[in-house]
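A short worksheet on the structure shown next.
Counting from 1, the numbers follow the sequence of the chain as shown. Computed over heavy atoms, backbone and side chain alike; hydrogens, waters and symmetry mates excluded.
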Amino acid sequence: MRILPFLFWLTVFCLSANSACAGPVAAAISAVAGLLSAGGFAVSVIKLAFGFALQYGVSLIEKARAKKRQGAVEARGVTIEVRMGDDQPASFVVGTYATAGIRKYIGTWGQAGKTPNAYLTDVVELSCIPHPGLSGIWIDDTKGTILWNEPHADGRGFPIQEFRVDGKDFAWVRFVDGKQTVADPWLIDRFGSHPERPFKATMIGRGIAYAVVTFRYNTEKFGGLPACLFEMLPMPLYDLRKDSTNGGSGAQRWNDPSTWAPSDNNVVVEYNLIRGIYYGDEWIFGGQNLAAFRLPASNWIAGANECDRLVDRAGGGQEKQFRCGYEIRLDMEPLSVIDDIRQGCNGRLAEVGGVFKTLVGAPGAAVYSFTDDDILVTEDQSFEPFPSLSETHNGIEATYPEPSEKWTAKDAPARYSSTLEADDGNRRLVTGVDFPAVPFGRQVQTLMKAMIEEERRFRTHLFHLPPDASPLEPNDAVAWTSSRNGYANKKFLVVRVIGKLTFNQIVVLKEFDPSDYSWSGADELPTDIGWLGPIEPPVQPMYGWKVEPASLLDDAGVPRRPSMRVSCAPDQDDVRQVRIQVRLKSSQAQVFDGQIAYDAPHSWILNGTFLPNTIYQTRGKFVPISSRKTDWSNWLDVTTPNSRFGDGDVYLPGMIEDLQDFTEEATDWLRDGVRELITEQQRIVRLIAEQDFANFSDKQTLRRELVSRAGDITANYKEEIIAATGPGSALVARLTTLEAKIPTLATVTALDAVTASVTQQGNSITAYGLRIDSLEVEMPGKASVSAVNSLDTRVTNNEGVISAQANSISSLFAALGGNSAAVNIRASVLATPSGYAARYGIEARTGGAGTYRSASMYMDVPASTSAPTRIVFLADQLVIASGANLKNPFVFENGEARLNVAHIGTVYGGKMILGGGKLVIDGDLGTIEVFS
């Protein structure tokens, strides 16, 4: 009955024996190896079994198909839809890959004073262990460009270029790498007080790498809940090539993950999976506590270097020969994951005596040579020159995740061979292979070429070799010279090797040719990338767009402003408004942008500000009720009518006449009025000094006088102080006079007078205050000069009507030889029941014999609220300069304004005369004249 357990182990061997798991079944095979010399029925069964298994799993294609034979049901490839629920297995990503992740939280929010649910935030777990970050993102069917240099101020993340509309963003993403020690403060701020699903401070997610994606409501960009796919950066892995303590060179150490570097090298990924993936001291996936000596450094370094070897691309340039990517779920079988990654580099993996070794691509040089004489003829041999027709292939098709098509499974360009089909009886015998861990189209083609060419090496042998072959291991290359088979140092790959108790070795050999693994850019077949993106309705063009000159009319029907009339086609569906833009043809500067209701008669005169007789361009587009897109019309030229400003536009009616009247009256007030007022004030002072006080019942006088004479030369000082009261009157005055005089030569007089009085006459009351300071110098018949300052105040109540006024005068006067010069400054204020007025004036004036030159300035606020306030300058030349910069002054002279440099938004003009009359541009006539 020992044959039953033997048949069980034999079945395991047949179903599992390949280079990737030769080690795990080696013990079972060794347990029955002793039976190979036992003879009898057992020997016959064993020989038959090896015959069945001779071709099984020896080629790369056979290895790729092994999972299908075993009925594997594990999910493989990119997960393009987000998973939900706590029953989902945790996962992490190795290499270059993408995942939709597991949704952990979702909610809506709004900003204060705005739509309360305008924003949606999705929190998606991407890795159950820390991860370095994202390389890209897909939102629905749109590949997004993350603007890493434009973080949002509130911390929501980084905007995505493709979801920016008219400068406004509608999608953001940020990544949390799994090293966080506190809950996300931004999520707590947004959802911490949610009444049903609060985001709590305990929701830290230690060791969990996740993405926070935020969307703003936009029906044009999002038809529903956006679906995201996250492209992950390669995670840091231990690379023994960079460890100087493990056969490499560098600072990486297995027990210090902080020294590791990101990698998508197949062999590096396999190495880490076999030794085990850990988060701190916690085992996550793969092997557990495998010692480094069980993965020989020289072997694994050679495999990693082969993956990194540069190969040519068809379009030029080079790239690494083999790379990988994979989302590993923790419910996956580790050997299954390793096998997918091994397949991505045409690798072979063997475990011999607890030691794992790898082979990438073509086998190396032969490590053992033998001839027919070395084969034990006393033992059975088996040779299969050809597989069965069902196991023969002359074409290969493959699928792989294509990043450019949102990581969905894509067919790689199939490889067929008419030559091989002819060799196989004009049959096309195609096999299919999946590469779930290879998101690189060129690499898939490399793998397919090597697989189909390697499989056509049909010759497979099984025989016994003497004990000197005991060092042989699976994946070793051997050289065989055989006159019987016509081999001359022919290369074979050791597929299986089993040692007998006699130390003889049972070997299964398969022929190979290193050229099967060669690759050049010329081998690459073109790959078509299909369209992937949102399908939008066609853009509606603008129909019937027209433009013609038009004018804006006043109530009398007179054209007052130049404009244009635009029109478009009627009876358009789903149109709410028409958007119109106008620009200058010469400079392309936009001058009008507005929207008009789409109503009959579908023709409109624009109310913008346009220059007369100027060429503009205008365009329009429909503004729909829905969110569909519309397109602009072409720019059409139009010349505006020559409707220019008239007198009624530049000056209000009667303004010029009123201004003339004002300046005449103001000049009289300042020039003649100053003289008259000073004369009147001086008269009042003299009257007070000469007053006989007949109207006062009480009079008090204080006088002082000092006189010095030398012949007819006098120097006289006189001071008088008067205080008087009487019925209805009160007066106080002080008068000081100084005079120095040499008759016929010169006289100098100084006067200082202050007067205050209150007088009542019947129903009228007058309160008056006056101060005068006066200096006069005269040389009789030759010259005279005077300087006068006076303050004059008066309040009157005339039978209940009260008025108040005050004057301030400063006057300088000089005369010589019939000519004179004067500067008068006067300020007046007035308050009456009918209104308040204020005026200030300055005049400088010279001349004689009826010819005078003057410059004056007036500030006037009249009592009537219907009259304008004014500042008026009267001079031959008015200059305004910026600080001390007189290089570019504003000058008004001879009725013309001059300015060297001006920054003016819009200029309306009738005629331009340039170059001293050499170039005349007449806007009214629409002519340009050039004179030599």
Check: Ser828/Arg826 side-chain N/O donor and acceptor closer than 3.5 Å: yes

Testing Asp169, Leu147, Ile139 one by one against Ile160 for a side-chain contact (heavy atoms from CB on, under 4.5 Å), which residue passes? Ile139

Given Lys585, which of Asp637, Thr614, Thr639 fulfils the side-chain hydrogen bond (donor to acceptor under 3.5 Å, both in side chains) condition? Asp637

Taking the six-membered ring for Trp, is the centroid-to-centroid distance between Phe215 and Phe163 below 6.0 Å? no

Mind telling me whether His602 and Trp604 have parallel, tilted or perpendicular rings, with 30° and 60° as the class edges? perpendicular

Check Phe158, Trp172, Phe175 against Ile146 for a side-chain contact (heavy atoms from CB on, under 4.5 Å) and give me the one that passes. Phe158

CZ-CG distance between Phe170 and Asn218, expressed to the nearest 0.5 angstrom: 4.5 Å

Consider only side-chain N and O atoms of Trp635 and Gln581, and report whether a donor and an acceptor are under 3.5 Å apart. no

Run Val213 and Phe230 through side-chain contact (heavy atoms from CB on, under 4.5 Å) and show every step you take. CA-CA 11 Å; Val213 193; Phe230 304 91; 3.6 Å; yes

Look up atom CD1 in Ile809 and atom CG in Asn824, then write down how far apart they are to the nearest 0.5 Å. 8.5 Å

Any donor-acceptor N/O pair, Thr869 side chain to Val861 backbone, under 3.5 Å: no

Over-ring placement of Arg190 relative to Tyr119, 6.0 Å and 45° cut-offs: no

